[in-house]
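Notes follow once the structure below has been shown.
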Amino acid sequence: MSDGMMRAAVVTGPGGTRVDRIARPEPGPGAIRVRLEGCGVCGSNLPTWEGRDWFRYPMKPGTPGHEGWGVVDAVGDGVTDLRVGDRVATLSSAAFAEYDVVEASSAVVLPPSLAGKPFPGEPLGCAMNIFRRGDIQAGQTVAIIGIGFLGAVVTRLAANAGARVLAISRRPFSLELARAYGAAECIPMDDHGRIIDRVKALTDGAFCDRVIEAVGSQWPLDLAGELTRERGRLVIAGYHQDGPRQVNMQLWNWRGLDVINAHERDPRVYVEGIRLAVDAVASGALDPFPLFTHQFRLEELDRAFDALRSRPDGFLKALVTP
């Protein structure tokens, strides 16, 4: 835009957003400005839109978008490894907008083979890091509880590694997707005891070497412990954001479980996950594009959040474009 302005979404309060025209930001030393092509909508965004007592409204323009990608259109002093015109995935917090400024170290260049394709790098990087933290190896039995976007990507990564994947999910659509992404067994998430019995039968009573909990609520966490074998690894990938949890510490102690909280907080680890995701997609080892099921314009951000909350049939991942 030639007038130095841009459009950015603003969360105005619980259940409300608007689009404002604000000054286009300029990159400082070590930073870049990205002309955004889009931003994914994350489950962790939902509380900011639904409202919590500790949030202050209106929020900063562009927040809480953190899954952006686009083209570098300006660089700050000292930036030598990125150029205007580079297409990048970014790690930021204000990507529900037309432009975003990020540290150059928080951007990953996308290769020409991904030209024209959407690439929300942050959630793909999360999946890569969850897979790494799970230490998933060939020959293991891996249960994945919750087949949304994250669960589907980890299913593909685990199957690629030679693991036997047991996919457990509530929606028939999700189970069909899990099978297409390499799951050996698909189990409806409907009855606690029945799921345990089914997994016990499939594993000759040993249960699973690795269990990935990717829902973020109490029951799947309870179930995850029950499905993890002695000396197995329980990986908590779900975002438990609505209050404290209780765990069956007696069971966890008795089985000697390794329990991993797979939420990274070091930006360098996030960025490394994005780099690994770029390599996996560019090489053809991972195809995330069927998982981008819904697309909205910036002015439709309320609709995007509502779809994330209600999860209509076929919904996995929404993208918002300027």
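Every heavy atom of this structure was used, including side-chain atoms; hydrogens, water molecules and symmetry mates were not.
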Asn45 side chain to Cys42 backbone, donor-acceptor under 3.5 Å: yes
If only atom types and distance count, is the side chain of Thr155 paired as donor or acceptor with the main-chain N or O of Ala178 below 3.5 Å? no
Tell me if the CZ atom of Arg245 is crowded by more than 12 foreign heavy atoms within 6.0 Å. yes
Under a single-linkage definition using a 4.5 Å side-chain heavy-atom cutoff for Ile, Leu, Val, Met, Phe, Trp and Tyr, are Leu286 and Leu319 assigned to the same hydrophobic cluster? yes
Any side-chain heavy-atom pair of Phe55 and Pro14 under 4.5 Å: no
Are any side-chain N or O atoms of Tyr99 and backbone N or O atoms of Met5, one a donor and one an acceptor, separated by less than 3.5 Å? no
For the residue pair Ile168 and Arg198, establish whether any side-chain heavy-atom pair is separated by less than 4.5 Å. no
Please table the atom pairs, donor to acceptor, closer than 3.5 Å between any side-chain atom in residues 101-116 and protein atoms at least two apart or in another chain.
none

Within the side chain of Gln137, is there an N or O that forms a donor-acceptor pair under 3.5 Å with the backbone of Gly139? no
Any Lys/Arg nitrogen of Arg309 or Asp306 sitting under 4.0 Å from an Asp/Glu carboxylate oxygen of the other? yes
For Arg231, I'd like to know if atom CZ has over 12 heavy atoms of other residues, nucleotides or ligands within 6.0 Å. no
Heavy-atom donor-acceptor pair, Thr228 side chain to Gly232 backbone, under 3.5 Å: no
Flag side-chain contact, heavy atom, 4.5 Å: Ile147 against Tyr181: no
Gln218 (side chain) donor-acceptor with Gln246 (main chain) under 3.5 angstrom: yes
Please check if the side chain of Asp20 supplies one atom and the backbone of Ile22 the other of a donor-acceptor pair under 3.5 Å. no
Determine whether Leu251 and Ile196 fall in the same hydrophobic cluster, where Ile, Leu, Val, Met, Phe, Trp and Tyr are linked whenever their side-chain heavy atoms lie under 4.5 Å apart. no
Closest contact, heavy atoms only, Ala214 versus Gly146: CB-O, 3.8 Å
Do the side-chain N and O atoms of Asn160 and Arg156 include a donor-acceptor pair separated by under 3.5 angstrom? yes
Of all the heavy-atom pairs spanning Val142 and Ala163, show the shortest one and how long it is. CG2-CB, 3.8 Å
Could you check Arg229, Gln140, Arg233 and say which one makes a side chain to side chain donor-acceptor pair (under 3.5 Å) with Asp209? Arg229
Is a donor on one side and an acceptor on the other found under 3.5 Å between the side chain of Arg210 and the backbone of Leu234? no
Heavy-atom side-chain contact between Leu301 and Phe296 under 4.5 Å: no
Which atom of Leu166 lies closest to which atom of Cys208, heavy atoms considered: CD1-SG, 3.9 Å
Return each pair, listed once, that meets ring pair (Phe, Tyr, Trp, His ring centres under 6.0 Å) where at least one residue sits in residues 226-255; pairs must be two or more places apart or across chains. Tyr239-His263
Phe119: which residues meet the ring-ring contact (aromatic ring centres under 6.0 Å, His included) condition with it, sequence neighbours left out? none
Between Asp73 and Arg24, does any side-chain N to carboxylate O distance fall below 4.0 Å? no
Test of understanding: with ring-ring contact (aromatic ring centres under 6.0 Å, His included), list the residues that count as partners of Phe315, not counting sequence neighbours. His294
Asn129 side chain vs Val269 backbone, donor-acceptor pair below 3.5 Å: yes
List the steps and the verdict of side chain to side chain contact (heavy atoms under 4.5 Å, CB included) for Met189 and Ser174. CA-CA 11 Å; Met189 192 173 173; Ser174 295; over 6 Å; no
A side-chain contact here means heavy atoms from C-beta on lying under 4.5 Å apart; do Arg255 and Glu226 qualify? yes
Evaluate Thr321 against Arg297 for side chain to side chain contact (heavy atoms under 4.5 Å, CB included), listing each step before the verdict. CA-CA 5 Å; Thr321 58; Arg297 301 290 296 177; 3.5 Å; yes
Taking every non-hydrogen atom, the tightest pair across Pro322 and Leu298: CA-CB, 4.2 Å
With a 4.5 Å cut-off on side-chain heavy-atom distances among I, L, V, M, F, W and Y, is there a chain of contacts connecting Leu177 to Leu157? yes
If you take all heavy atoms of Ile144 and Val165, which pair is closest and at what distance? CD1-CG1, 3.9 Å
The ring-ring contact (aromatic ring centres under 6.0 Å, His included) partners of Tyr270 (sequence neighbours excluded) come to none
Note, Val235 side chain near Val154 side chain (heavy atom, < 4.5 Å): no
Determine whether Ile212 and Ile130 make a side-chain contact, defined as any pair of heavy atoms from C-beta on separated by less than 4.5 Å. yes
Across all chains, not counting sequence neighbours, the ring-ring contact (aromatic ring centres under 6.0 Å, His included) partners of Trp49 are Phe305
Does a sphere of radius 6.0 Å around CZ in Arg171 hold more than 12 heavy atoms from other residues, nucleotides or ligands, not counting ones at 6.0 Å or beyond? yes
Polar side-chain atom of Lys317 near backbone of Val41 as donor-acceptor pair, under 3.5 Å: yes
